[in-house]
Protein chains: 2
Amino acid sequence: MATIRDIARKSGYSVTTVSRVLNHQKYVSPAAKAAIEAVIEQLDYVPNSLARDLSFGQNKNIGVVLPHNDHPYFNQLLNGIMDAAFSSGYHIVLLPSEYNQTIELDYLEQLKRKNFTALIFASHGLALSVLEDYTRYGQIVCCENPGQHHISAVYSHREPAYLAAFNYLKIQQVTQMGLLLSRNSVQSPTWVAVTTAYQQVFSCQPDAKLMIGGMRSFEDGYHAAKHLIAQQPTLNCYFTNGDDIAAGVRQYHLDHQLAPPLLIGQEKQLSSLLLKIPTIDHHFFTLGQKAFAVALSNHHQICRFESEFILC
Amino acid sequence: MATIRDIARKSGYSVTTVSRVLNHQKYVSPAAKAAIEAVIEQLDYVPNSLARDLSFGQNKNIGVVLPHNDHPYFNQLLNGIMDAAFSSGYHIVLLPSEYNQTIELDYLEQLKRKNFTALIFASHGLALSVLEDYTRYGQIVCCENPGQHHISAVYSHREPAYLAAFNYLKIQQVTQMGLLLSRNSVQSPTWVAVTTAYQQVFSCQPDAKLMIGGMRSFEDGYHAAKHLIAQQPTLNCYFTNGDDIAAGVRQYHLDHQLAPPLLIGQEKQLSSLLLKIPTIDHHFFTLGQKAFAVALSNHHQICRFESEFILC
DNA sequence: ATAATTTATGAAACGCGTCCCAGGTCAAGA
DNA sequence: TCTTGACCTGGGACGCGTTTCATAAATTAT
């Protein structure tokens, strides 16, 4: 494997001049350029990225920390990020965390080791204050409201859409509903936003017995409906954290000759289109695009998008 | 940012000894180890990955070349790869290509530049002979039958499942069907496998007028049905390259009061479950896991999986 | 007691580009 | 004629771990 010094020796020019040719810099005579390029061609030389990265002090990798990849939220976000990264010269590195704090912390340590130029945090197992600590080692973009923390952020403003959805249900005379959310933690931003909106519309706390976390898939929705119906046979309305979850609920009702339930989905997936389930679009693709742009910029910025309630 | 030399100076030991401590090597006295670790702690030192990679001659990144990420094929494959890569110490780098040969070639060049340790090719815009040329720069795993080419491969054997699906349709007295495939090229492996199986079952070539390529989504299926029905109003059977595409076809029939069509989907997605569409499972998750394992091993190997026709 | 190992430790080279700075040429402006 | 400045080229330090090789002390084997 030829090195830049081989090219220099064989062409009769110095390493510096070869480097100038490689980087298309000024101050190289046409003769030198031609001679050097000929040798490069002849020796089939390409510069070593590892050496270049060390010299430059950083590589061109942007890490994306996300719990997993089988949820439309992450998928759409990732597609947006990839779209923005395409032909930027930067690479997207997938960093699954399963919400495991130790693993997420390890990714932050890798930022410190210069394994990445920047990190996009779509997961949030860690406290924001921890992320904040690591911003000195590289740009960190989180995908939720950073509050008082000095972290760049790109996130969707969910509350108005949640209010619109609950108001829609209120008009339908709904008195009780299942809440099928994805995160398990009561402190998670989603959980807080949902219960706050619920309280605002219905003037009371949602029934804790009808709230279930950890929902992700069609199957999860199906089982959740089964579980809830067992203890509340008249239940006929569900607010869910994803269209597929809602589809699962509907399927359970269908399979057991129950009246079609009133559903609210999220993510604007195919299933909401197929089954005419009202949904909430959080514009994750656009969010991902923006997240990448912020990751590359090296100043602090916060960008909020508005979620949208869609009554198809 | 402290370097290993800072640690050496401050601890009174040599760079070599510090390196030994960092890499948990033998031949370090307990005293030296303790002293050095104390200084490392004190200066908040972590080794620089870029320097380490240069010294080692390679990094720990595995590139995954795929056309895009919004198709279940790639999604499931990617999830399998990520699953296998998890806690392996290696990182998965997403390399979208849009089937663009120039871009794919660029990724191969990056392998040469040591930007990746290995590449998994889930896209196939390039000829296999080109991939073969680059295997000398690192392991390359392709996700299709490599034929005579000396390239490691992990792929699904689709023919038997296709035969089963066509036989199923034949028993249903089907005489004409739309073929909605995803690749545009007539030479693509999928296209060849489908037409071969068709011919074997029906003893004739599929009607070229009823074949459409470039199918990917629900919307694509919907529009394809519209297009085909316009020129063949009695058409009532479709073999598709994805459950969502089949779902789109079904929706078109529903919307226009046409008899429910006979459908074959692929990928075992949610829509096939919801709409009871017979599907073909190519076990992409397992495939992805294996692809990663092969990417890490540095000897040539070929691994074939059997696709499965599922009549739900 | 002597030879053969094993253990400890460090100087310096290596991997391979990038870049600062110094030195020299040549033409346009004062 | 003298300055000034753009143009061209190269030596060598730098970024930062890893690793080879040499040296010396401490054990173990013979």
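Residue numbers begin at 1 in each chain, while the letters A, B, ... track the order of the sequences.
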Any side-chain heavy atom of [X] sitting closer than 4.5 Å to one from [Y]?
| X | Y | answer |
| --- | --- | --- |
| Ile7(B) | Leu43(B) | yes |
| Asp53(A) | Gln58(A) | no |
| Asn59(A) | Leu50(B) | yes |
| Val65(A) | Leu94(A) | no |
| Asn23(A) | Arg52(A) | yes |

List the atom pairs, with distances to 0.1 Å, where a side-chain N or O of residues 32-41 of chain B and a protein N or O form a donor-acceptor pair under 3.5 Å, not counting sequence neighbours.
none

Are [X] and [Y], when compared by the centres of their aromatic rings, separated by less than 6.0 Å?
| X | Y | answer |
| --- | --- | --- |
| His91(B) | Phe116(A) | yes |
| Phe305(B) | His157(B) | no |
| His282(A) | Tyr155(A) | no |

Practice problem: Output the residues of residues 50-62 of chain A in contact with DNA chain C, where contact means a heavy atom of the residue under 4.0 Å from an atom of the strand; sort by number or write none. | Solution: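 Output list: Ala51(A), Arg52(A), Ser55(A).
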Quiz prompt | For DNA chain C, the residues among residues 22-37 of chain B that have a non-hydrogen atom under 4.0 Å from it | solution =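 Close to the strand are Lys26(B), Tyr27(B), Val28(B), Ser29(B), Ala32(B).
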Self-check item: Contacting residues from residues 7-16 of chain A, given that a heavy atom lies under 4.0 angstrom of DNA chain D
Solution: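 By residue number: Gly12(A), Tyr13(A), Ser14(A), Thr16(A).
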Quiz prompt | Arg20(A) side-chain proximity, nearest of dG17(D), dC21(D), dT9(D) | solution =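 Of the candidates, dT9(D) comes closest.
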Quiz item: Do side-chain atoms of Gln301(B) reach the backbone of Ala153(B) as a donor and acceptor pair under 3.5 angstrom?
Solution: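 Side chain of Gln301(B) to backbone of Ala153(B): no pair is present.
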Quiz item: Can you check side chain to side chain contact (heavy atoms under 4.5 Å, CB included) on Leu22(A) and Tyr45(A), steps first, answer last?
Solution: CA-CA 11 Å; Leu22(A) 288 170; Tyr45(A) 167 79; 3.8 Å; yes
Quiz prompt | Upstream residue (5' side of DNA chain C) when Arg5(B) and Ala2(A) are each assigned their closest nucleotide | solution =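 Whichever sits nearer the 5' end wins; that is Arg5(B).
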Any chance the side chains of [X] and [Y] put a donor and an acceptor closer than 3.5 Å?
| X | Y | value |
| --- | --- | --- |
| Glu132(B) | His149(B) | yes |
| Thr17(A) | Ser14(A) | yes |
| Glu104(B) | Ser123(B) | yes |
| Gln139(A) | Asn298(A) | no |

Self-check item: Segment of DNA chain C, first to last nucleotide, that comes within the 4.0 Å heavy-atom reach of chain B
Solution: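 Result: dT7(C) to dC16(C).
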Quiz item: Bend across the helix from dA1(C)-dT30(D) to dA30(C)-dT1(D), to 10°, with axes taken over 5 pairs at each end?
Solution: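 Inter-axis angle at the ends, rounded: 30°.
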Exercise. Would you mind classifying the nucleic acid contact of Thr3(B) as base, sugar-phosphate or nothing, using non-hydrogen atoms under 4.0 angstrom?
Key: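 Since only primed, P, OP1 and OP2 atoms lie under 4.0 Å of Thr3(B), the category is sugar-phosphate.
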Self-check item: Nucleotide dC14(D), atom C1' - distance to CE of Met1(B) in whole Å
Solution: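 Going from Met1(B) (CE) to dC14(D) (C1'), I get 18 Å.
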